[in-house]
2 protein chains.
Amino acid sequence: MKKTTKEQILDVALDLFSQKGYKGASIRMISSKVGIRESAIYNHFKNKEDILNTIVSTLSSSSLSLLSSNKPLEESAKKGKSFLREFAASFKLLAYDNKSEKFFRFMMIELMQNKKMRDIFMNDFHKAHLKILSQAFFIMMQEDMIYSSDPMLMAREFLSPLFFYRMQVTLVKIDKENSSIESTLFEKHIDFFWEMIVNNK
Amino acid sequence: MKKTTKEQILDVALDLFSQKGYKGASIRMISSKVGIRESAIYNHFKNKEDILNTIVSTLSSSSLSLLSSNKPLEESAKKGKSFLREFAASFKLLAYDNKSEKFFRFMMIELMQNKKMRDIFMNDFHKAHLKILSQAFFIMMQEDMIYSSDPMLMAREFLSPLFFYRMQVTLVKIDKENSSIESTLFEKHIDFFWEMIVNNK
DNA sequence: GTCTATACCCTGATAGAC
DNA sequence: GTCTATCAGGGTATAGAC
């Protein structure tokens, strides 16, 4: 199960992009890490941007969200806290998945510099999650499981700490420090948040 | 009240750093925007890194937190929701302050690439805020104003949406779209959060 | 598909005239 | 304090041999 040169180039490129950003990672470094000459890269990709586009289109959706939109949300949302636990678990999973983590790092570097990355962040990541969460909270409110409020507001308030904790896990792992403390933040968030919104009649 | 060349260099450098990052902003671009030759830069700064260090040491603390630590926290924390409102207002203020916004953008670009920036983020930004907030929540709990919980957990849960909303305001403003919707997120966060933790006996 | 060789541009930085 | 001139190094990319 050997990797083709093209796959190796993509792997190395993602690795370097996630450490140094798009501009900071040169064709020279990529090819040297793969073990070929610069010019050999151009047998597999038209140019540097072509490598970038391949990575982005391959990884953007899968690295930012594990949620498939065809799941029966109506049913799973009625599980209340368990639903939130599953949602957060998928977040945590991505924070500890190698490729997803690298893509997340890369996205964060490019976010303020690159319009395309901002669009990916806003649509594939933020809006996609908010939509699912707000629908789920709406259902929970209808079922009288939680206090009534603005479902979209509740979705934002639930999601933003998850994002922050994922970022924090990533940051801590860069400096190779133990991220076990940060890994518990996800669960604590669920407990705290659910305790706040649950309807204890 | 004309700006010295040195001040102009710093202004232009911050502007370009916030748009393209440290590597992406060249001495050539900085000098051309200031209206001098590349070599003239070196009469004011030893090298490119010297410009970076000057910006960081000048702006890091003031751009990340407006809170002076010598305020009497004991008293202000007892104001409860008003305290949180003031805290969030200072956050919002920085998101709309020109230099602070640029430094924030720059910090976000470098965060995943630069150990020094991570330290600044973790210490000057994150830990500093968590310390104040956890102390404030602890006092509020003692005063029976809010439900009893882990003050540090509460601080994190309160702070992380603020960070996220500040980032979102910055992102929206880059693409010159109207950020008025995002600007209301701070107040909504306070209302939602306070409603959740307040002790209504 | 990979190599050598090469073209050409941009980078940070220095020397020395004014 | 600013200029011109210049440098070495690294950047993307192409041509052509094997």
Side-chain angles (χ1 to χ4, degrees), chain A residues 1-58 102 105-106 109-110 112-117, chain B residues 1-59 102-103 105-106 109-110 112-117:
Chain A
M1 181 85 187
K2 240 178 128 184
K3 275 180 185 165
T4 66
T5 305
K6 188 162 184 169
E7 286 168 333
Q8 284 183 66
I9 293 168
L10 289 171
D11 282 356
V12 170
L14 176 61
D15 197 53
L16 290 173
F17 285 169
S18 73
Q19 287 175 45
K20 300 159 178 290
Y22 178 70
K23 280 206 78 171
S26 67
I27 295 279
R28 216 158 279 199
M29 294 171 74
I30 295 170
S31 62
S32 120
K33 264 207 162 190
V34 171
I36 54 175
R37 296 286 122 137
E38 295 100 278
S39 55
I41 296 260
Y42 296 91
N43 287 310
H44 306 278
F45 298 94
K46 202 185 128 210
N47 51 29
K48 193 183 174 185
E49 210 192 338
D50 191 22
I51 303 176
L52 170 69
N53 291 335
T54 307
I55 287 176
V56 168
S57 61
T58 310
K102 283 177 185 167
R105 276 184 71 172
F106 181 41
I109 293 173
E110 299 298 323
M112 299 280 168
Q113 314 177 59
N114 186 322
K115 166 83 169 141
K116 219 180 269 176
M117 273 296 187
Chain B
M1 180 87 187
K2 237 176 134 186
K3 274 179 187 164
T4 65
T5 305
K6 186 162 185 168
E7 285 168 334
Q8 284 183 66
I9 293 169
L10 289 171
D11 281 357
V12 170
L14 176 62
D15 197 54
L16 290 173
F17 285 168
S18 73
Q19 288 175 45
K20 300 159 180 286
Y22 178 70
K23 279 206 78 170
S26 68
I27 295 279
R28 217 154 278 199
M29 294 171 75
I30 295 169
S31 62
S32 122
K33 264 205 163 190
V34 171
I36 55 176
R37 294 287 124 139
E38 296 99 279
S39 55
I41 296 258
Y42 294 91
N43 288 310
H44 305 278
F45 297 93
K46 199 186 130 209
N47 51 28
K48 193 184 175 185
E49 210 193 336
D50 190 22
I51 302 176
L52 170 68
N53 290 334
T54 307
I55 287 176
V56 168
S57 61
T58 311
L59 289 178
K102 282 177 185 167
F103 188 80
R105 278 185 68 173
F106 180 42
I109 294 173
E110 300 297 324
M112 299 279 167
Q113 314 178 60
N114 185 324
K115 165 83 170 141
K116 220 181 269 178
M117 272 297 187

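Within every chain, numbering begins at 1; the chains are lettered A, B, ... in the order of the sequence lines, protein sequences first and strands thereafter.
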For Lys46(A), side chain to side chain donor-acceptor pair (under 3.5 Å) partners two or more places apart: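 Here no residue qualifies.
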Expressed as a whole number of angstroms, how long is the span from [X]:[atom1] to [N]:[atom2]?
X        : N       : atom1 : atom2 : result
Ile51(B) : dT11(C) : CD1   : C1'   : 14 Å
Ile9(B)  : dG12(C) : CD1   : P     : 14 Å
Met29(B) : dC9(C)  : CE    : C1'   : 15 Å
Lys48(A) : dG11(D) : NZ    : C1'   : 8 Å
Arg28(B) : dT4(D)  : CZ    : P     : 13 Å
Asp50(A) : dT12(D) : CG    : P     : 14 Å
Lys46(B) : dG1(D)  : NZ    : P     : 18 Å

Run the side chain to side chain contact (heavy atoms under 4.5 Å, CB included) test against [X] and tell me which residues pass, sequence neighbours left out.
X        : value
Lys23(B) : none
Thr54(B) : Leu10(B), Phe45(B), Asp50(B), Thr58(B)
Arg28(B) : Ser26(B), Glu38(B)
Ala13(B) : Phe17(B), Ile30(B), Ile51(B), Ile55(B)

Worked verdict on Lys102(B) versus Phe106(B) for side chain to side chain contact (heavy atoms under 4.5 Å, CB included): CA-CA 6 Å; Lys102(B) 282 177 185 167; Phe106(B) 180 42; over 6 Å; no
5'-most by nearest nucleotide on DNA chain C - His44(A) or Lys23(A): His44(A)
Stretch residues 30-42 of chain A: residues that reach within less than 4.0 Å of DNA chain D through a heavy atom: Ser39(A), Tyr42(A)
